[in-house]
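Note sheet for the following structure.
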Amino acid sequence: MCIFCKIVNKEIPNNTVAQNEDFLAFNDLHPKAPIHILIIPKAHVDCFQDVSAETMAGLTTFAQEVASKVGVDKSGYRLITNNGEDGGQEVNHLHFHMLGGGKIAWDHSHEDNHKSI
Ligand code: 5GP
Ligand code: ZN
């Protein structure tokens with residue numbers, strides 16, 4: 001069983017932010033922003049590439065509710081998922097990072113930013 005399935009099953013403790021029947025939001029162990037929440041479907045899906053549009057519809061509403069609950073719905077946030085090896089995914093259970101609580105860095109320059117590829 002994967003690490004996030006163990007969190008869903010309460011075999012590993014977590015700091016729950018919100019949940020419903022299908023989704024769980026909990027604080028990331030190593031936060032990269034003042035607010036860094038992981039949003040996951042409770043049923044295991046490996047990654048974004050494998051998730052159904054139906055699950056994503058539910059996850060969208062849930063993520064919006066989480067943003068309101070922690071008070072970043074107006075101030076803004078970044079929602080990202082790392083998909084697969086090149087995307088830097090380390091835990092192979094679909095998760096979205098919700099980052100907020102302050103300005104999240106982003107390079108807005110119009111220069112060629114493809115140097116890392
Ligand atoms: P990825 O690199 O796969 O997109 O992100 C995995 C995230 O899961 C990382 O930000 C990491 O800090 C977080 N993480 C890994 N193990 C645990 C854990 O046991 N508990 C919590 N709360 N977060 C975890
Ligand atoms: Zn899992």
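Atoms within a ligand are numbered from 1 in the order they appear, just like the ligands themselves.
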Look only at the side chain of R78 and the backbone of H97, and say whether a donor-acceptor pair between them is shorter than 3.5 Å. no

- Query: Heavy atoms, side chains only, cut-off 4.5 Å: are Q19 and K42 in contact?
  - Reply: yes

Between F23 and F96, is the ring centroid distance below 6.0 Å? no

Under 6.0 Å between ring centres: does that hold for H93 and H95? no

Among the N/O/S atoms of H44, the Zn ion (ligand 2) lies closest to ND1

Note: SG(C5)-the Zn ion (ligand 2)-ND1(H93) angle, rounded to 10 degrees, equals 110°

Main chain of S109, side chain of D107: is a donor-acceptor contact present, judged purely on distance under 3.5 Å? yes

Discussion item. Just by distance, no angles: are the side chains of N83 and T81 close enough, under 3.5 Å, to form a donor-acceptor pair?
Written reply: no

Sorted by chain and residue number, the residues having a heavy atom closer than 4.0 Å to an atom of ligand 1 are I3, F4, I7, F26, N27, D28, L29, H30, L38, N82, G88, Q89, E90, V91, H95, H97

Tell me whether E85 at atom CD has more than 12 heavy atoms from other residues, nucleotides or ligands lying less than 6.0 Å away. no

